[in-house]
Number of protein chains: 2
Amino acid sequence: MRSVRDSLDLLGGKWKLPIIVGLSGGPQRFKQLQREVAGITAKMLSKELKELEINGLISRHVQADAAPVAVTYTLAAYGHTLFPVIEALHAWGQQHRAHIMHAGEAVAA
Amino acid sequence: MRSVRDSLDLLGGKWKLPIIVGLSGGPQRFKQLQREVAGITAKMLSKELKELEINGLISRHVQADAAPVAVTYTLAAYGHTLFPVIEALHAWGQQHRAHIMHAGEAVAA
DNA sequence: CATACCGGTATCCTTTGGGAAACCGCTATC
DNA sequence: GATAGCGGTTTCCCAAAGGATACCGGTATG
């Protein structure tokens, strides 16, 4: 219970988990990531990325040599430990969508 | 990704999951539950319980015959489908606490 | 030259989440 | 009669979350 709340403290809010999902397929550049995490503003993305980095879940790499200075964000090793959480959420969300589609029938409680 | 967000829509916020955890041990009366979910106010608990009930995750039972009208909240069958989610969150939170102790470096979000 | 992309930051604003405290009728207990 | 517990609701209020918009210097592209 306390541990559930600990997790929620780190991962709570509208965007943290979606961002991690967005990075779970591999490193992404800022704008790429913004497109992937549909609906997020640059301000929010920037802010959330900072917090995620502080907590060691992702890492930020700057390639200064590149022409327009590329920045990539990568899911850190510690971030990978969140996969079970994400998978559980993913599975439940999927199941829930199906559940809702079927709703409308007689529901015996 | 969309499914993760769906889950977050239903379960997001500070209290929904803690409340479900609080009910996972069996039915609880309102005040009992409030004591169990440490820190929650009656207003919040009342509001969150309504939303959880609307979404079919818990059910509310009134025993009007009893002396001071007992009300009990129970995790509905559908609420039980959240156990994998809760367990994942619980495990991660526990692990994270250990992780932080080990690193000797706690960073609050 | 104009436009667009990159990786953001700064400013302003609205919405919401959520806490504190008072109060409700009812009952049982001291 | 006073107090306490139950299951809440109501009101007031503040802080935080989050959205919209504009802007920055740099480069490449048409």
Side-chain angles (χ1 to χ4, degrees), chain A residues 1 4-23 26-55 58-75, chain B residues 4-23 26-55 58-75 107-109:
Chain A
M1 158 85 132
V4 170
R5 224 137 28 157
D6 287 348
S7 303
L8 261 28
D9 282 349
L10 271 197
L11 308 172
K14 191 173 177 178
W15 299 114
K16 297 252 168 53
L17 285 169
I19 287 171
I20 289 173
V21 171
L23 286 177
Q28 297 267 24
R29 300 179 56 169
F30 188 87
K31 293 273 179 174
Q32 279 178 330
L33 189 52
Q34 188 179 356
R35 277 179 227 113
E36 182 133 343
V37 181
I40 196 170
T41 61
K43 175 185 136 189
M44 267 296 130
L45 181 55
S46 172
K47 184 192 128 209
E48 301 286 79
L49 285 171
K50 274 174 196 157
E51 298 181 9
L52 290 172
E53 196 191 357
I54 285 175
N55 286 307
I58 67 170
S59 56
R60 189 182 118 116
H61 309 277
V62 182
Q63 290 149 282
D65 58 326
V69 180
V71 180
T72 53
Y73 293 89
T74 309
L75 203 54
Chain B
V4 170
R5 223 138 25 156
D6 287 348
S7 303
L8 260 28
D9 282 349
L10 272 197
L11 308 173
K14 191 174 179 180
W15 298 115
K16 297 255 168 53
L17 285 170
I19 287 172
I20 290 174
V21 172
L23 286 177
Q28 298 266 23
R29 300 179 56 168
F30 188 88
K31 294 274 180 175
Q32 279 178 332
L33 189 51
Q34 187 179 357
R35 278 179 227 112
E36 181 133 342
V37 181
I40 196 170
T41 60
K43 175 186 135 188
M44 268 295 131
L45 181 55
S46 172
K47 184 191 129 209
E48 301 285 79
L49 285 172
K50 274 173 197 158
E51 298 180 8
L52 290 172
E53 196 191 357
I54 285 175
N55 286 307
I58 66 170
S59 54
R60 192 182 117 114
H61 309 276
V62 182
Q63 290 148 282
D65 57 327
V69 181
V71 180
T72 54
Y73 293 90
T74 309
L75 202 54
V107 183

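Scope of the values below: all heavy atoms of this structure, side chains included, with no hydrogens, waters or symmetry mates. The shown structure was predicted, so the numbers you read here are calculated from the model rather than taken from an experiment. Order of the sequence lines fixes the chain letters, A, B, ..., with proteins taken first and strands second; residue numbering starts at 1 for each chain.
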Undergrad: Search all heavy atoms of Thr74(B) against all heavy atoms of Leu23(B) and return the closest pair with its distance.
TA: C-CD1, 4.4 Å

Undergrad: To the nearest angstrom, how far is His61(B) atom NE2 from dG8(D) atom P?
TA: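 Spelled out: NE2 on His61(B) to P on dG8(D) is 13 Å.
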
Undergrad: Lys16(A) NZ to dA16(D) P: how many Å, rounded?
TA: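 The answer, rounded to whole Å, is 14 Å.
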
Undergrad: What string of B, S and - do you get for nucleotides 3-17 of chain C 5' to 3' if you count protein non-hydrogen atoms under 4.0 Å?
TA: ---SBBS-BB-----

Undergrad: State, with a plain yes or no, whether a side-chain heavy atom of Pro18(A) is found less than 4.5 Å away from one of Leu8(B).
TA: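 Pro18(A) vs Leu8(B): side chains touch.
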
Undergrad: Please report, rounded to the nearest Å, how far the P atom of dA16(D) is from the CD atom of Glu48(A).
TA: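 Rounding to the nearest Å, CD of Glu48(A) and P of dA16(D) are 15 Å apart.
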
Undergrad: Does a side-chain heavy-atom distance below 4.5 Å link Leu52(B) with Leu10(B)?
TA: no

Undergrad: Starting at CG of Leu8(A) and ending at P of dA17(D), how long is that distance when rounded to a whole Å?
TA: 14 Å

Undergrad: Could you tell me how far apart Glu53(B) (CD) and dG7(D) (C1') are, to the nearest whole angstrom?
TA: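 In whole Å, dG7(D) C1' and Glu53(B) CD are 14 Å from each other.
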
Undergrad: Under 3.5 Å, sequence neighbours excluded: what are the donor-acceptor pairs made by side chains of residues 36-47 of chain B?
TA:
from     : atom 1 : to       : atom 2 : distance (Å)
Glu36(B) : OE1    : Gln28(B) : NE2    : 3.1
Thr41(B) : OG1    : Met44(B) : N      : 3.3

Undergrad: Could you check how far CG of Leu33(B) sits from C1' of dG8(D), rounded to whole Å?
TA: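 That distance rounds to 13 Å.
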
Undergrad: Would you call Glu53(A)-Arg60(A) a salt bridge at under 4.0 Å N-O?
TA: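 No, Glu53(A) and Arg60(A) are not salt-bridged.
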
Undergrad: Under a 4.5 Å cut-off applied to non-hydrogen side-chain atoms, are Tyr73(A) and Gln32(A) in contact?
TA: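 A side-chain contact is absent here, since even the closest heavy-atom pair is not under 4.5 Å.
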
